[in-house]
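First comes the structure, then the notes that go with it.
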Amino acid sequence: MEQKKRRREFTSTVYVFNESREALLFVRRRKPPFLGYFLPPGGHLELGETPDEAALREVREETGYPIRLLSDTKDEPLEDGVKVLANPISIQLEPIDEEHDHIDFIYLGQVVGQQEQMNEGEEGGVWLTVAQLDENTLPASVRAEAKKIFAVKQRED
């Protein structure tokens, strides 16, 4: 029996540091999978959007914070309009449900300004330090990645 081909959608996710780089920003997931869990902000790429553009937009929409990607490249076009995009820290294939997967571009970012006013009912995210990761409901893979990010940051300090 031939196996049905799974639909694959492109997404961008950002682990966002606060200005002092002592905490990461998470949002509470409002739908399955991981309903009620804390995840880094992110979402689907819109038509015509690059993964790094989607990352910046999703963080602002979900949290109200303007950010910069720490893997930003110079915004200098190469020959014939070629542009180098920001490098993700990883790209993951994530099973979402019985029918589809996400190809997720994972970035590291940092807040660069004040939080904008959120719509009523929006949480705007929660800041978690490395010590608070085990005290909150996060998927195991997200907790492990966040701890790895904090460990790299400590080595750089």
Side-chain angles (χ1 to χ4, degrees), residues 3-47 49-72 85-113 115-116 118-157:
Q3 190 173 11
K4 184 180 175 191
K5 203 152 172 84
R6 295 171 61 84
R7 184 177 81 250
R8 292 192 168 155
E9 300 171 352
F10 291 99
T11 59
S12 289
T13 298
V14 188
Y15 287 86
V16 179
F17 273 119
N18 61 358
E19 290 179 353
S20 64
R21 294 196 186 183
E22 295 172 356
L24 290 171
L25 184 59
F26 293 89
V27 293
R28 190 180 307 275
R29 179 88 174 152
R30 296 177 183 260
K31 58 185 177 181
F34 300 114
L35 175 67
Y37 281 63
F38 286 109
L39 297 173
H44 289 87
L45 274 67
E46 293 180 352
L47 186 62
E49 198 172 42
T50 64
D52 48 353
E53 290 168 340
L56 297 172
R57 176 186 53 77
E58 285 288 347
V59 172
R60 189 177 287 252
E61 286 178 359
E62 293 182 6
T63 71
Y65 283 105
I67 66 162
R68 69 180 175 93
L69 299 177
L70 296 179
S71 55
D72 266 345
L85 301 178
N87 292 321
I89 58 173
S90 68
I91 302 172
Q92 297 179 169
L93 181 62
E94 304 161 345
I96 300 304
D97 57 31
E98 299 299 320
E99 299 175 353
H100 87 287
D101 301 324
H102 285 171
I103 299 172
D104 197 1
F105 295 84
I106 313 293
Y107 294 94
L108 187 59
Q110 182 172 351
V111 167
V112 292
Q115 184 179 30
E116 297 172 357
M118 299 296 295
N119 294 328
E120 190 172 329
E122 293 288 326
E123 290 183 41
V126 60
W127 293 101
L128 300 177
T129 64
V130 68
Q132 295 170 318
L133 293 175
D134 291 329
E135 300 167 6
N136 288 276
T137 308
L138 288 84
S141 61
V142 170
R143 181 179 286 111
E145 184 68 20
K147 286 182 176 182
K148 187 170 87 176
I149 288 167
F150 277 119
V152 168
K153 182 250 177 214
Q154 284 182 330
R155 283 196 300 271
E156 291 174 352
D157 287 349

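Side chains included, hydrogens not; waters and symmetry mates left out as well; all remaining heavy atoms used. For the single chain, residues carry numbers from 1 onward in sequence order.
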Check your understanding: Is there side-chain contact between Ile106 and Ser90, with heavy atoms separated by less than 4.5 Å?
Key -> yes
Exercise for review: Could you check if a side-chain atom of Pro41 sits within less than 4.5 angstrom of a side-chain atom of Thr13, using non-hydrogen atoms only?
Suggested key: no
Point to revise | With sequence neighbours excluded, residues passing salt bridge (charged side-chain N to carboxylate O under 4.0 Å, His left out) with Glu9 | key: Arg7
Exercise for review: Starting from the C-alpha separation in whole Å, work towards a yes-or-no answer on side chain to side chain contact (heavy atoms under 4.5 Å, CB included) for Ile149 and Val152.
Suggested key: CA-CA 5 Å; Ile149 288 167; Val152 168; 5.9 Å; no
Point to revise | Spatial distance of atom CG (Asp104) from atom CD1 (Ile91) [nearest 0.5 Å] | key: 9.5 Å
Practice item. Report yes if some heavy atom in the side chain of Val126 is under 4.5 Å from a heavy atom in the side chain of Leu25; otherwise report no. Key: no
**Study point:** Pairing residues for Asp97 by the side-chain hydrogen bond (donor to acceptor under 3.5 Å, both in side chains) criterion, not counting sequence neighbours
**Key:** His100
Check your understanding: For the side chain to side chain donor-acceptor pair (under 3.5 Å) test, which of Gln92, Arg8, His44 pairs with His102?
Key -> His44
Review point. Between Trp127 and Tyr65, is the ring centre distance below 6.0 Å?
Key: yes
**Study point:** Spacing of CD1 belonging to Ile103 relative to CG belonging to Leu45, to within rounding of 0.5 Å
**Key:** 10.5 Å
Exercise for review: Taking all heavy atoms of Gly125 and all of Val27, pick out the closest pair and write down the distance.
Suggested key: CA-CG1, 4.0 Å
Study note, to complete from the structure: Between the OH atom in Tyr15 and the CD1 atom in Ile89, the distance rounded to the nearest 0.5 Å is 7.0 Å
Check your understanding: Side chain of Asn18, backbone of Glu22: donor and acceptor closer than 3.5 Å?
Key -> yes
Check your understanding: Out of curiosity, Glu116 CD to Glu61 CD, how far, rounded to the nearest 0.5 Å?
Key -> 10.5 Å
**Study point:** Sidechain-backbone polar pair: Arg60 side chain, Thr63 backbone, donor-acceptor under 3.5 Å
**Key:** no
Study note, to complete from the structure: Between Ser12 and Pro51 the two heavy atoms that sit nearest each other are OG-O, 2.7 Å
Check your understanding: Taking 4.0 angstrom as the limit, do Glu53 and Arg57 come out as a salt bridge?
Key -> no
Practice item. For the residue pair Pro40 and Val16, establish whether any side-chain heavy-atom pair is separated by less than 4.5 Å. Key: no
Practice item. Could you tell me whether the side chain of Leu128 reaches within less than 4.5 Å of the side chain of Leu24, counting heavy atoms only? Key: no
Revision key, fill the gap. Scanning both residues in full, the closest heavy-atom pair of Gly36 with Arg28 reads O-NH1, 3.3 Å
Revision key, fill the gap. Taken to the nearest 0.5 Å, the spacing of Leu70 CG from Phe17 CZ works out to 7.5 Å
Exercise for review: Only counting residues at least two apart or in another chain, list the ones meeting salt bridge (charged side-chain N to carboxylate O under 4.0 Å, His left out) with Glu99.
Suggested key: none
Review point. Got more than 12 heavy atoms from elsewhere within 6.0 Å of CD, Glu19?
Key: yes
Exercise for review: Kindly compute the distance separating CD (Glu62) from CZ (Phe26), expressed to the nearest 0.5 Å.
Suggested key: 13.0 Å
Review point. Is there side-chain contact between Val142 and Phe38, with at least one heavy-atom pair below 4.5 Å?
Key: no
**Study point:** Considering all heavy atoms, the nearest Arg6-Ile96 contact
**Key:** NH2-N, 4.2 Å
Practice item. Would you name the heavy atoms of Gly64 and Pro66 that are closest together and state the gap between them? Key: O-CD, 3.7 Å
Review point. Taking the six-membered ring for Trp, are Tyr107 and Phe105 parallel (under 30°), tilted (30 to 60°) or perpendicular (over 60°)?
Key: parallel
Check your understanding: With side chains defined as the heavy atoms from C-beta onward, is the minimum distance between Val14 and Gln110 less than 4.5 Å?
Key -> no
Point to revise | Asp134 side chain reached by Arg143 side chain, heavy atoms, under 4.5 Å | key: yes
